[in-house]
Each structure stands twice: as C-alpha cells, then as structure tokens.
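The structure appears below as structure tokens.
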Amino acid sequence: MSKSKNVHDKNQNKKMLIVEDKAINRYVLRGIFEDEYKIAECQDGRVAIELLEESRDEIVAVLLDLVMPVCDGFAVLKYMKETSLYNVPVILISSNVNDINLHKVSAYDIVVDYIQKPFQENIVRQRVQRAIKLYQKKENIKYERAE
C-alpha cells in the first residue's frame with residue numbers, strides 16, 4: 001500500500017486537544033498551533049474525556065495541564081490508559097511539575113514530554129511537533145507491518 005494511505009497522512013483532519021483551566025494559557029497555545037491544526041480546547045478533564053471519546057481518530061496530540069478543577073489531568077491519563085488510546089502523545093503543560101507528579105506520570109507511557117509554564121513559543125512548537133512526528137512514524141510503521 002502506498003504511503004499516501006497511511007493513518008496520519010490526512011492533514012486536513014489533524015486536531016490538537018488543549019486541556020487547560022486558564023483561558024490565557026489556552027489562548028497562547030491556540031495561537032501557536034491554530035495555523036497548522038484544528039484546535040479543540042477545554043478547561044477540565046471531564047470535558048477532555050468527552051472530546052477524546054468523540055474525536056478519538058482525529059486527535060494527533062493532547063496538551064494537558066495536571067492541576068484543574070472538577071477533573072484533573074491524571075483522570076484524563078487514566079482514561080486514555082484504560083481505553084488503550086496509545087497512539088496520541090500527551091505533552092504535559094504545567095507549572096506544578098515536581099518529583100511527586102513526575103513519579104505519578106511515569107505510569108503513563110503516552111506522556112512524552114512536559115512543558116513548564118510560562119510558555120516560550122519556539123520551544124513549545126518544537127517539542128510538540130517532535131512528539132507528533134515521532135508518534136506518526138510509529139503509527140505508520142505499525143500500519144505498514146499489519147499489511
């Protein structure tokens with residue numbers, strides 16, 4: 001099968017999920033990526049889980065805050081693990097990345113990086129793009145092996 005049929009070659013369907021309780025941070029992240037991706041955003045983990053259920057095959061990355069009201073980032077990670085949603089990289093965005101949280105996060109293989117707040121646009125773009133490309137290559141290899 002040709003490469004044009006690979007899972008992640010459908011550029012028009014790429015969607016990024018931004019899960020962050022602070023509107024200003026969602027605004028900044030949306031501004032960094034809105035020219036390249038459709039952006040879905042929410043302010044708590046409960047809505048993030050609903051969006052993941054609805055758009056499971058469209059989402060190429062999740063930018064996830066850990067500390068949020070109602071439902072935190074750990075609940076989102078637990079949902080993704082329980083539903084075998086391993087083909088979507090998660091990049092933590094947090095000002096509260098400490099040893100305890102890093103230890104808790106280590107149980108989730110889908111967390112590929114974390115970005116400390118406040119954001120530096122070029123670093124955020126570079127690290128998120130790298131994670132997406134690596135996951136796309138991994139998925140395409142799995143797809144080709146399955147043929």
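- Distance CD/E82 to CD1/I49: 9.0 Å, rounded to 0.5 Å.
- The same ILVMFWY cluster, assembled from side-chain heavy atoms under 4.5 Å apart, contains both Y86 and L92.
- Note that the CZ atom of F74 and the CG atom of L64 stand 9.0 Å from one another [nearest 0.5 Å].
- For the pair P89 and A131, the tightest heavy-atom approach, listed with the atom from each and the gap, is CG-O, 4.1 Å.
- Grouping the Ile, Leu, Val, Met, Phe, Trp and Tyr side chains by contacts below 4.5 angstrom, directly or via other members, places V70 apart from L51.
- Residues satisfying the salt bridge (charged side-chain N to carboxylate O under 4.0 Å, His left out) criterion with E54, sequence neighbours excluded, are absent altogether.
- In this structure, S55 OG and E50 CD are separated by 11.5 Å, a value rounded to the nearest 0.5 Å.
- Heavy-atom contacts from other residues, nucleotides or ligands closer than 6.0 Å to NZ of K117 number more than 12.
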request  = Please report the C-alpha distance between V90 and L77 in whole Å, then the side-chain angles of each, then the deciding distance to 0.1 Å, and finally whether the side-chain contact (heavy atoms from CB on, under 4.5 Å) criterion is met.
outcome  = CA-CA 9 Å; V90 175; L77 292 171; 4.0 Å; yes
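- Contact check on R30 versus E41 returns a salt bridge, with a Lys/Arg side-chain nitrogen under 4.0 Å from an Asp/Glu carboxylate oxygen.
- Distance CG/N25 to CD/Q43: 12.5 Å, rounded to 0.5 Å.
- Considering all non-hydrogen atoms of both residues, M80 and L52 come closest at CG-CD1, 3.8 Å.
- Between K138 and K133 there is no side-chain heavy-atom pair separated by less than 4.5 Å.
- The heavy-atom pair separating K15 from A40 by the smallest distance is CD-CB, 3.9 Å.
- For CG of D99, the number of neighbouring non-hydrogen atoms (other residues, nucleotides, ligands) closer than 6.0 Å is 12 at most.
- Here the closest non-hydrogen pair linking V19 and L17 is CG2-CG, 3.7 Å.
- The shortest heavy-atom contact between D21 and R26 is O-NH1, 3.4 Å.
- The line from CG of D44 to CE of M68 is 7.0 Å long, rounded to the nearest 0.5 Å.
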Can I get a per-line list of side-chain donor-acceptor pairs under 3.5 Å for residues 101-109, giving both atom names and the distance, sequence neighbours left out?
residue, atom, partner, partner atom, Å
N101, ND2, N96, O, 2.7
S106, OG, H103, O, 2.5

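- With D72 contributing its side chain and A75 its backbone, the two residues share a donor-acceptor pair below 3.5 Å.
- The structure places CG of L29 at 7.0 Å from CD of E20, a figure rounded to the nearest 0.5 Å.
- Within 6.0 Å of the OH atom in Y79, the count of heavy atoms belonging to other residues, nucleotides or ligands exceeds 12.
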key: From CA spacing to verdict: side-chain contact (heavy atoms from CB on, under 4.5 Å), I59, M16   = CA-CA 6 Å; I59 295 176; M16 181 178 293; over 6 Å; no
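- By the criterion of side-chain heavy atoms lying less than 4.5 angstrom apart, applied directly or through intervening Ile, Leu, Val, Met, Phe, Trp or Tyr residues, I141 is not grouped with L134; the two fall into different hydrophobic clusters.
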Residue pair Y37, I132: steps toward the side-chain contact (heavy atoms from CB on, under 4.5 Å) verdict = CA-CA 12 Å; Y37 300 98; I132 291 170; 3.4 Å; yes
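- Classification of K22 and D65 as a salt-bridged pair fails, no side-chain N sitting under 4.0 Å from a carboxylate O.
- Scanning both residues, V47 and C42, for their nearest heavy atoms gives CG1-CB, 3.5 Å.
- Residue-environment remark: OH (Y27) stays at or below the threshold of 12 foreign heavy atoms within 6.0 Å.
- Counting heavy atoms from C-beta outward, F33 and I39 have side chains that approach closer than 4.5 Å.
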Test log, rule side-chain contact (heavy atoms from CB on, under 4.5 Å), inputs Q126 and E121 = CA-CA 9 Å; Q126 181 183 44; E121 181 176 342; over 6 Å; no
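- Cluster annotation: I93 is not connected to I123 through the hydrophobic network of ILVMFWY side chains, with a link wherever side-chain heavy atoms come within less than 4.5 Å.
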